[in-house]
Amino acid sequence: MKHEYEKGAGGDTDVDTGGDPLAEIRDLRVVVDGRAIVDGVSLRVLPGRVTALIGASGSGKTTTGLALLGEYPADALVTGDVRVADGGLVGYVPQHPAAALNPARRVSALLTDIARAQVRRLPVRQRRAATRERVLRALTEAQLADAESLLRRYPHQLSGGQQQRVVLAQALLLGARVVVADEPTTGQDALTKSRIVERFRAVAARGIAVVLLSHDLDVVRALADEVVVLRAGRVVESGPARRVRVSPRHEWTRELFGEHAESPDPDEPTGQPGPRVHGLPHARTEVPDPDEPASRPGAPTRGLLGTRTESPDADGHTARTGPPVLRVRGLTARHRDGARGTAVVLRAPELDLYPGRSLAVVGRSGSGKTTLARCVAGLHRDHDGEILLDGTPLPRSLRDRSRTQLAAVQYAFQDAHAAFDEHRPVVRQVARTAVRLRGTDEDTATREALTTLAGLGLPEELAHRHPGRLSGGELQRAALARALLARPRVLVCDEITSGLDTLTRRGILDVLTSLVRERDQLSLVLITHDLDTAALAHRVAVLDAGELVEQGPARQVLTAPSHPFTASLVRTTTRLAVGTVT
């Protein structure tokens with residue numbers, strides 16, 4: 001295995017995109033446990049160009065990208081050549097940012113250490129001001145608002161999207177000539193995605209090579225110059241981005257793009273009024289039953305509940321719903337904000353969730369979506385107001401809840417890797433839920449865990465592996481299985497599809513569809529930045545800067561929004577879907 005770092009031309013001026021590659025991989029093969037997870041991959045990364053690696057979860061995107069940094073899985077057998085020019089300085093934005101941030105240090109310290117190295121040649125009296133200026137500029141470039149407040153926080157006090165952008169700021173501070181961005185838009189709303197797209201365009205315009213590892217085909221469409229399609233560790237197709245999108249030559253590429261095929265310009269007249277969210281029809285002037293998308297009494301509809309035939313009652317809920325299973329009343333949540341004491345980060349006056357129904361909570365990163373989810377789950381205790389389960393107030397802290405209450409409200413985290421213990425097999429961790437919350441004996445719990453995992457598409461061979469040996473999509477299915485073994489009334493899913501490719505995301509959503517269809521009393525809270533996912537829910541609540549600005553039936557909110565923020569979110573989603581960002 002050769003891994004060489006060659007001195008390149010350097011400098012900050014724009015570089016001709018037809019020049020020598022800043023990074024090159026030749027016939028890379030990475031074998032783990034006797035299986036080739038990357039098999040014969042070659043790649044040339046040119047200055048000023050964005051090269052996107054796409055493929056299903058487990059296709060080898062991240063392993064290939066990390067090879068540019070000389071990082072490989074433990075005990076991997078590696079052959080091939082990897083060369084990086086310009087002194088070997090490669091910036092990296094990981095998919096799971098929490099694992100890359102020291103939880104014991106404030107954001108200011110995490111960024112200042114890097115910035116200091118950039119100004120070490122300045123006179124001592126100028127270094128402090130120059131360091132601070134660079135840190136604040138990097139936060140601004142990474143689309144992080146209220147930098148002064150954010151610098152005082154610890155990583156766990158940030159949302160997943162904010163953590164992602166702090167890591168992006170670190171990479172920008174490094175001044176690397178090559179930036180590997182591993183799912184940089186994971187967990188981000190459409191507005192933030194559009195800004196990240198513009199940021200990486202600006203980075204490439206300065207001659208920096210960007211390697212984009214992404215499942216988000218809308219972002220790939222808007223940003224990539226070249227596309228490399230991976231399947232099971234092999235390159236099945238590569239070429240100019242537009243050619244691969246419009247005229248894919250391989251069957252797998254066609255399947256991967258699927259519904260993301262080239263779309264018309266959104267500015268061209270369509271003959272139908274209103275904005276269009278991908279997967280939703282244009283807004284109509286008449287919606288017979290706004291709580292049942294595209295429905296009429298007695299007609300089957302398709303959503304997270306699968307096919308439904310019940311007629312809605314006068315309130316827009318089907319007859320089987322009954323009273324709310326979960327109610328939020330007067331919720332005001334706070335975060336500790338260093339020397340300033342506490343800051344209010346969420347106000348949710350009123351939210352209801354009915355049995356067998358789904359509520360999608362959408363908004364930009366940092367809007368309070370995850371804080372709301374953590375309050376419901378008992379993971380954020382610093383709040384006022386009430387959260388009621390079947391009419392009974394839930395204790396604010398997880399530790400004060402009864403075993404029955406713990407089982408009734410289950411949480412599936414955005415970062416499934418961080419939610420598992422790396423030192424124990426997955427099946428043991430899944431089974432422990434039934435043992436701890438339902439009093440099931442270990443043998444019975446293990447059998448139930450294996451059955452549930454298999455039903456979610458995770459066979460026994462994978463169930464006995466440790467978490468680090470599973471892909472993101474596989475581990476997310478395991479996280480769902482663990483929650484389901486509690487037999488919950490309410491399942492809170494926090495951005496669980498945000499880091500997954502199109503096919504895997506579709507599979508997870510199909511799983512949720514089946515679960516709710518088969519378990520009539522299971523209700524879902526979907527925390528999501530993705531309006532396509534939100535469109536599958538019965539109702540949508542929109543948060544902006546910690547305020548609940550709009551809520552209502554999904555079709556009504558997403559095709560005829562009443563609040564300007566919701567309207568801007570819908571417009572930007574549409575533009576990303578067709579590759580135009582203004």
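Please read these numbers as outputs of a predicted model, since none were measured by experiment.
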Novice: For a quick test of your reading: what N or O donor-acceptor pairs under 3.5 Å do the side chains of residues 450-460 make, sequence neighbours left out?
Specialist:
from	atom 1	to	atom 2	distance (Å)
Thr451	OG1	Arg447	O	3.0
Thr452	OG1	Glu448	O	2.8
Glu460	OE2	His464	NE2	3.4

Novice: With the side chain counted from C-beta on, respond yes when Leu475 and Val426 share a heavy-atom pair under 4.5 Å apart, and no when they do not.
Specialist: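 They are in side-chain contact.
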Novice: Is there a side-chain contact between Thr51 and Leu212, using heavy atoms and a 4.5 Å cut-off?
Specialist: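 Not touching, per the 4.5 Å side-chain cut-off.
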Novice: With no hydrogens and no angle check, is any side-chain donor or acceptor of Arg539 less than 3.5 Å from a backbone partner on Leu353?
Specialist: no
Novice: Any donor-acceptor pair under 3.5 Å linking the side chain of Gln410 with the backbone of Ala486?
Specialist: no
Novice: Give me the atom names and distance for the closest heavy-atom approach of Arg489 to Asp390.
Specialist: NH1-OD2, 2.6 Å
Novice: Side chain of Thr528, backbone of Glu495: donor and acceptor closer than 3.5 Å?
Specialist: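 Not at all, since once roles are kept as given, no pair shorter than 3.5 Å links the two residues.
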Novice: Shortest non-hydrogen contact from Ala537 to Leu526?
Specialist: CB-CD1, 4.5 Å
Novice: Has Thr63 got a side-chain atom pairing as donor or acceptor with Gly60's backbone, closer than 3.5 angstrom?
Specialist: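 No, Thr63 side chain to Gly60 backbone: no donor-acceptor pair under 3.5 Å.
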Novice: Give every residue pair that meets the ring-ring contact (aromatic ring centres under 6.0 Å, His included) criterion with at least one member in residues 402-425, sequence neighbours excluded.
Specialist: His96-His417, Tyr411-Phe413
Novice: Any side-chain donor-acceptor pair under 3.5 Å between Asp443 and Thr446?
Specialist: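 Thr446 and Asp443 do not have a side-chain donor-acceptor pair below 3.5 Å.
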Novice: Among side-chain atoms of Ser42 and Asp27, is any donor-acceptor pair under 3.5 angstrom?
Specialist: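 Note: Ser42 and Asp27 side chains miss the donor-acceptor criterion.
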Novice: Using every non-hydrogen atom in the two residues, find where Pro395 and Asp400 come nearest and quote the distance to one decimal.
Specialist: CG-O, 3.5 Å
Novice: Show the nearest heavy-atom pair for residues Leu256 and Ala56, with the distance to one decimal.
Specialist: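 In terms of heavy atoms, the two residues are closest at CD1-N, 4.3 Å.
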Novice: Spell out, as yes or no, whether a donor-acceptor pair under 3.5 Å connects the side chain of Thr433 to the backbone of Arg482.
Specialist: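 Yes; at least one donor-acceptor contact below 3.5 Å.
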Novice: What verdict does the side-chain contact (heavy atoms from CB on, under 4.5 Å) test give for Val228 and Ile54, after you've listed the backbone C-alpha separation in whole Å, the side-chain angles of each residue and the deciding distance to 0.1 Å?
Specialist: CA-CA 6 Å; Val228 177; Ile54 67 174; over 6 Å; no
Novice: Not counting sequence neighbours, which residues clear side chain to side chain donor-acceptor pair (under 3.5 Å) with Arg29? List them please.
Specialist: Asp39
Novice: Among Leu53, Val235, Val82, which one satisfies side-chain contact (heavy atoms from CB on, under 4.5 Å) with Leu43?
Specialist: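 Going through Leu53, Val235, Val82 one by one, the side-chain contact (heavy atoms from CB on, under 4.5 Å) with Leu43 is satisfied by Leu53 alone.
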Novice: Checking Arg374 now: which residues fulfil side chain to side chain donor-acceptor pair (under 3.5 Å) with it, not counting sequence neighbours?
Specialist: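 Expected list: none.
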Novice: Indicate yes or no for a side-chain donor-acceptor contact from Arg83 to the backbone of Ala23 under 3.5 Å, with no hydrogens or angles considered.
Specialist: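 No, because the side chain of Arg83 does not come within donor-acceptor range (under 3.5 Å) of the backbone of Ala23.
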Novice: Heavy atoms only: give me the nearest Phe200-Leu223 pair and the separation to one decimal.
Specialist: CB-CD2, 3.8 Å
Novice: Should Glu251 and Arg254 be marked as a side-chain contact (heavy atoms from CB on, under 4.5 Å) after you check the CA-CA gap, both sets of side-chain angles, and the distance that decides it?
Specialist: CA-CA 5 Å; Glu251 180 180 353; Arg254 290 192 290 271; 3.7 Å; yes
Novice: If you count every heavy atom of other residues, nucleotides or ligands that lies below 6.0 Å from Arg432 atom CZ, does the total exceed 12?
Specialist: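 Not more than 12 within 6.0 Å, no.
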Novice: Quick check on Asp75: does its CG atom have over 12 non-hydrogen neighbours (other residues, nucleotides or ligands) under 6.0 Å away?
Specialist: no
Novice: Give the C-alpha distance, both sets of side-chain angles, the deciding distance and a yes or no for side chain to side chain donor-acceptor pair (under 3.5 Å) between His466 and Glu422.
Specialist: CA-CA 6 Å; His466 286 71; Glu422 182 56 42; over 6 Å; no
Novice: Residues two or more places apart in sequence or in another chain: which of them pass salt bridge (charged side-chain N to carboxylate O under 4.0 Å, His left out) with Glu24?
Specialist: Arg26, Arg44
Novice: Is it true that a side-chain atom of Lys369 and a backbone atom of Gly363 form a donor plus acceptor pair closer than 3.5 Å?
Specialist: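 Yes: the side chain of Lys369 pairs with the backbone of Gly363.
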Novice: How about CZ on Arg234, more than 12 heavy atoms from neighbouring residues, nucleotides or ligands closer than 6.0 Å, or not?
Specialist: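 No, because the 6.0 Å sphere around CZ of Arg234 holds 12 heavy atoms or fewer from other groups.
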Novice: Between Leu491 and Leu480, is there a side-chain heavy-atom distance shorter than 4.5 Å?
Specialist: yes
Novice: With a 3.5 Å distance limit and no angle check, can you tell me whether Arg243 reaches the backbone of Ser238 through a side-chain donor-acceptor pair?
Specialist: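 Between the backbone of Ser238 and the side chain of Arg243 there is a qualifying donor-acceptor contact (under 3.5 Å).
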Novice: Side chain of Lys61, backbone of Gly55: donor and acceptor closer than 3.5 Å?
Specialist: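 The answer is yes, because a donor-acceptor pair under 3.5 Å joins these two groups.
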Novice: With a 3.5 Å distance limit and no angle check, can you tell me whether Gln163 reaches the backbone of Pro97 through a side-chain donor-acceptor pair?
Specialist: no
Novice: Any chance CZ of Arg424 has more than 12 other-residue heavy atoms, nucleotides or ligands included, within less than 6.0 Å?
Specialist: yes
Novice: Yes or no on side-chain contact (heavy atoms from CB on, under 4.5 Å) for Val229 and Trp252, after CA distance, side-chain angles and deciding distance?
Specialist: CA-CA 9 Å; Val229 184; Trp252 173 248; 3.9 Å; yes
Novice: Less than 3.5 Å apart, any donor N or O on the side chain of His380 or Thr371 sitting next to an acceptor on the other?
Specialist: no
Novice: What residues, two or more places apart in sequence or in another chain, satisfy ring-ring contact (aromatic ring centres under 6.0 Å, His included) together with His383?
Specialist: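 Not a single residue meets the ring-ring contact (aromatic ring centres under 6.0 Å, His included) criterion with His383.
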Novice: Report the C-alpha distance between Ser358 and Leu536 in whole Å, list the side-chain angles of each, state the deciding distance to 0.1 Å, and finish with yes or no for side-chain contact (heavy atoms from CB on, under 4.5 Å).
Specialist: CA-CA 9 Å; Ser358 51; Leu536 299 175; over 6 Å; no
Novice: Taking the side chain as every heavy atom from C-beta outward, state whether His538 and Leu359 have any pair of such atoms under 4.5 Å apart.
Specialist: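 Not touching, per the 4.5 Å side-chain cut-off.
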